[in-house]
Amino acid sequence: MPEITLPDGSRRQFDGAVTVAQIAASIGAGLAKAALAGRVGAALVDMSYLVEHDAAVSIVTDKDPEGLEIIRHSTAHLLANAVQELFPDAQVTIGPVIEDGFYYDFAYKRPFSSNDLAAIEQRMAEIAAKDLPILRRVLPRDEAIRHFERIGEHYKAQIIGSIPAGESISLYGQGDWEDLCRGPHVPSTSKLRAFKLTKVAGAYWRGDSRNEMLQRIYGTAWASEKQLKDYLTRLDEAEKRDHRRIGKELDLFHLQEEAPGAVFWHPKGWALFQSLISYMRERQAAAGYLEINTPEIMDRELWVQSGHIEKFGENMFMTRTPDERTFAIKPMNCPGHVQVFKQGLRSYRELPLRLAEFGKVHRYEPSGALHGLMRVRAFTQDDAHIFCTTDQITAESVKVTELILSIYRDFGFEDVRIKFSDRPAQRVGSDEIWDKSEAALRTAAAAAGIETTLNPGDGAFYGPKLEFVLRDAIGRDWQCGTLQVDLNLPARLGATFIGEDSHKHTPVMLHRAMFGSLERFTGILIEHHAGKLPTWLSPVQAVVMGITERQEKYCLEVAENLKNQGLRVETDLRNEKVGFKIREHTIKRVPYLLVAGDREVEGRTLAVRTRSGKDLGAIELDALVSGLADEVASRGRHVLEDRVSQRRSA
RNA sequence: GCCGCAAUAGCUCAGCUGGUAGAGCAACGCAUUCGUAAUGCGUGGGUCGGGAGUUCGAUUCUCUCUUGCGGCACCA
């Protein structure tokens with residue numbers, strides 16, 4: 001006589017054990033039709049699940065996030081079903097739900113083509129239309145292994161083999177097709193209505209590059225056609241803000257065959273890059289950092305000492321000189337900074353010593369990893385190393401954390417997540433040292449009042465790290481900043497200071513970067529703003545244009561005036577209609593378009609239009625110059641546009 | 001590095017089954033002197049990513065290298 005408690009708190013009595021489907025039907029026919037699964041207590045279950053005891057039950061529909069997940073999971077099964085009908089000797093492996101969709105990995109003698117994809121999608125639609133009930137059955141583990149071996153599904157048998165003996169295994173099937181699965185699933189294939197296969201790719205079995213490569217098919221699935229369409233539109237929008245595309249449109253940079261993974265910065269891109277550096281210089285100087293510069297090429301031996309060769313030798317550029325010495329092109333700045341620290345005798349009175357460098361590093365990244373500005377082989381780090389005593393770790397780490405978060409705020413990134421990565425399998429240093437440095441970093445994170453999520457085994461080879469991940473305008477996460485506590489490298493490289501006790505001690509080294517890679521951060525900014533960079537970062541902050549030749553002199557005078565304020569200004573005196581010029585510079589995302597006609601020359605004003613198409617009307621030259629200068633100096637906290645509209649309404 | 005796909009004018013792209021290439025935009029020239037997202041007319045521009053092979057003949061077919069793209073793996 002189970003008593004069922006519904007989400008609204010109401011209770012229902014049933015005479016005997018009852019399925020979720022029956023419960024849904026007892027609430028209403030509409031709900032029964034929309035139902036995809038149930039939640040009994042905390043567990044998600046199928047519609048056919050038999051509730052035998054008192055329980056809290058809710059019905060899951062496609063309005064619930066769990067419902068969408070179940071749809072995606074069932075669509076993955078539908079995909080596997082279709083693939084095996086069309087390619088009977090393809091073996092199934094795994095098919096999980098991912099963000100916005102799902103994938104399924106198959107072992108097959110050849111890769112699937114895009115034609116195959118179309119045929120598979122077609123077959124999926126046919127199976128869905130058959131409205132086949134999805135049924136669950138349970139087998140003991142060993143029997144399940146024998147079953148999958150018998151039907152030639154060796155990967156599935158292997159997966160079950162890693163489940164503890166004695167457990168039961170559930171299988172889900174539709175028609176005469178069946179797959180190992182924990183479930184739950186939608187009750188019937190007709191619930192799967194809005195899906196699309198998106199791409200094929202290779203993927204290693206169990207995610208290990210030593211294993212064979214499987215054929216992965218990606219798809220997306222939604223509760224309705226409309227949601228599917230919206231998703232596809234969203235993909236198009238994301239593509240439009242791709243930094244590689246905008247980089248070309250705005251003439252910021254290029255890449256070419258002769259220098260894979262290395263950027264050719266054009267004047268406009270370099271202006272942006274330089275404004276990031278000047279900004280960071282200013283913030284770091286204020287925070288007590290001293291800027292240095294260290295060699296890009298140093299003897300290989302130094303990298304053996306540091307341990308970089310052992311761990312990353314394969315990924316370092318090496319060069320052999322005519323005198324037969326082998327030099328490494330630096331993949332990191334740390335050993336160089338330690339050399340600066342080591343010059344002369346250091347006293348505890350100098351600590352903490354914060355050495356910063358905009359260091360250009362080269363890493364021979366795997367060819368397949370390269371991606372526009374986001375993953376390159378030559379990049380500039382806003383790197384710094386803080387040499388300090390054990391006692392100073394916490395205070396310094398708190399300062400770094402606060403600085404990073406404050407800097408991200410200046411760029412409009414408020415949503416920052418922080419990950420804590422502890423000791424990796426391949427590392428240098430004893431476990432005692434690792435215990436100490438992990439504890440120190442944990443204490444520091446707590447002192448800074450930040451919440452972290454654990455990223456097990458993801459630390460650097462010399463120490464644990466905090467990773468600062470920021471979320472951009474369209475919800476993508478980017479790891480940028482990092483803070484690492486290192487109790488290993490200073491000793492390996494022989495760094496010491498004289499303590500209060502007049503004895504030599506080994507300093508602690510904190511590694512930190514805020515932008516991480518300047519190249520990458522530039523790419524992130526471009527995508528975050530879809531190219532419409534805030535004025536203080538825009539390569540061209542304003543364009544002065546005349547309507548006819550008569551305003552040429554005035555335009556040049558205005559431009560000169562703005563340039564004297566340190567603004568990046570261009571003139572457009574071409575023999576073109578003003579509409580044409582407006583269009584061109586709007587497409588180039590120039591924040592302010594300053595138009596001078598006879599009226600403006602007469603009144604010493606400018607007609608101001610923003611790139612978003614807003615007409616700010618005529619503004620006096622002096623007011624405009626100071627307004628723009630203020631907008632740039634305040635890094636967008638005072639915006640000319642707002643100020644003008646405020647004054648108008650006042 | 002691995003799997004797949006791609007590379008044609010400065011850019012975006014077309015070019016069916018082999019017969020040495022075309023559009024739009026851009027560039028250049030001329031006219032136009034114009035008030036907020038494209039003025040008109042004209043002109044020039046290509047070793048069809050590199051190398052090799054098949055063929056009477058290769059942008060097109062085959063092999064190979066390079067680079068890029070989508071994933072996987074990697075990311076100090």
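Chain letters run A, B, ... following the sequence lines, proteins first and then strands; every chain starts at 1.
Rounded to whole angstrom, the span from the CD atom of Glu576(A) across to the C1' atom of rC30(B) amounts to 13 Å. His254(A) has its NE2 atom 13 Å from the P atom of rG10(B), to the nearest Å. If you measure from atom CG of Asp572(A) to atom P of rC34(B), you get 17 Å, rounded to the nearest angstrom. Counting to the nearest Å, the C1' atom of rC34(B) and the CZ atom of Arg550(A) are 9 Å from each other. A straight line from CZ of Arg574(A) to P of rU36(B) spans 17 Å, rounded to a whole angstrom. As rounded to whole Å, 14 Å separates atom C1' of rC34(B) from atom CE of Met545(A). The distance between atom CD of Gln256(A) and atom P of rG50(B), rounded to the nearest whole Å, is 15 Å. Put simply, NZ on Lys577(A) is 8 Å from P on rG40(B), counting in whole angstrom units.
Checking Glu258(A) against Ile587(A), the closest nucleotide of RNA chain B that is more toward the 5' end is the one next to Ile587(A). Ranked by how close their nearest RNA chain B nucleotide is to the 5' end, Leu593(A) and Pro260(A) are led by Leu593(A).
Judged by atom type and distance alone, Arg609(A) reaches the base of rA37(B) through a side-chain donor-acceptor pair under 3.5 Å.
Rounded to the nearest Å, the gap between the P atom of rG49(B) and that of rA21(B) is 14 Å. rA14(B) and rU8(B) have their C1' atoms separated by 10 Å, given to the nearest Å. Taking atom C1' in both rG70(B) and rG18(B), one finds a spacing of 31 Å when rounded to whole Å. Across rU17(B) and rG29(B), the matching P atoms stand 42 Å from one another, rounded to whole Å. A gap of 34 Å separates the C1' atoms of rG4(B) and rA26(B), to the nearest Å. rC25(B) sits 12 Å from rA9(B) when the C1' atoms are compared, rounded to a whole Å. When the C1' atom is compared between rC61(B) and rC48(B), the two are found 16 Å apart, to the nearest whole Å. Between rC34(B) and rG42(B), the two P atoms lie 25 Å apart (nearest whole Å).
Taking only side-chain atoms of Asp598(A), from C-beta outward, the nucleotide of rG35(B), rC34(B), rA26(B) with the closest atom is rG35(B).
Two residues are said to be in side-chain contact when any heavy atoms from C-beta on lie closer than 4.5 Å; Phe327(A) and Arg300(A) fail this criterion.
Both the sub-6.0 Å distance and the 45° axial angle are not jointly satisfied by Lys311(A) relative to the ring of Phe461(A). Under the 6.0 Å distance and 45° angle rule, Arg512(A) counts as a cation-pi partner of Tyr289(A).
Residue contacts shown for Glu600(A) include a base, since a base heavy atom lies under 4.0 Å away. Looking at heavy-atom distances under 4.0 Å, Arg599(A) makes contact with a base. Nucleic acid contact for Lys248(A): sugar-phosphate only, since backbone atoms but no base atoms lie under 4.0 Å from a heavy atom of the residue. Val578(A) comes within 4.0 angstrom of sugar-phosphate atoms only, judged by non-hydrogen atoms across all strands, and of no base.
Interface residues of residues 103-117 of chain A facing RNA chain B, ordered by number: Pro111(A); criterion, heavy-atom separation under 4.0 Å.
A parallel orientation is assigned to the rings of Phe264(A) and His254(A), their planes being inclined by less than 30° (bins at 30° and 60°).
The pair Arg476(A)-Glu99(A) does not meet the salt-bridge criterion, since no charged nitrogen lies less than 4.0 angstrom from a carboxylate oxygen. Between Arg574(A) and Asp572(A) there is a salt bridge, since a side-chain N of the basic residue sits under 4.0 Å from a carboxylate O of the acidic one. Salt bridge Arg583(A)/Glu576(A): absent, no basic N to carboxylate O contact under 4.0 Å.
In this structure, a donor-acceptor pair under 3.5 Å is present between the side chains of Tyr462(A) and Gln484(A). Between Asn333(A) and Gln381(A), the side chains place a donor N or O and an acceptor N or O closer than 3.5 Å (distance only, hydrogens not considered). Between Lys330(A) and Thr294(A), the side chains place a donor N or O and an acceptor N or O closer than 3.5 Å (distance only, hydrogens not considered). Counted by atom type alone, Thr605(A) and Glu600(A) present zero donor-acceptor pairs between their side chains at under 3.5 Å.
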Evaluate the criterion side chain to side chain contact (heavy atoms under 4.5 Å, CB included) for residue pair Val508(A) and Asp486(A); output intermediate values, then yes/no. CA-CA 6 Å; Val508(A) 175; Asp486(A) 181 2; over 6 Å; no
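Just one residue in the list Tyr104(A), Tyr103(A), Tyr108(A) forms a ring pair (Phe, Tyr, Trp, His ring centres under 6.0 Å) with Phe106(A), and that residue is Tyr104(A).
Sequence neighbours left out, the pairs with a member in residues 455-465 of chain A that pass salt bridge (Lys or Arg N to Asp or Glu O under 4.0 Å) are Lys465(A)-Glu467(A).
Residues meeting the ring pair (Phe, Tyr, Trp, His ring centres under 6.0 Å) test with Phe341(A), sequence neighbours left out: Phe387(A).
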In B/S/- notation (B base, S sugar-phosphate only, - none; protein heavy atoms under 4.0 Å), nucleotides 69-76 of chain B written 5' to 3' is SBBBBBBB
Pairing of RNA chain B as dot-bracket, 5' to 3': ( ) intra-strand, [ ] crossing, | other strand, . unpaired, with Watson-Crick or G-U pairs under 3.5 Å? (((((((..((((.....[..)))).(((((.......))))).....(((((..]....))))))))))))....
Mind listing the N/O atom pairs, protein and nucleotides 60-65 of chain B, below 3.5 Å?
none

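Formation of a donor-acceptor pair under 3.5 Å by the Arg589(A) side chain with backbone atoms of Ala530(A) is found in this model.
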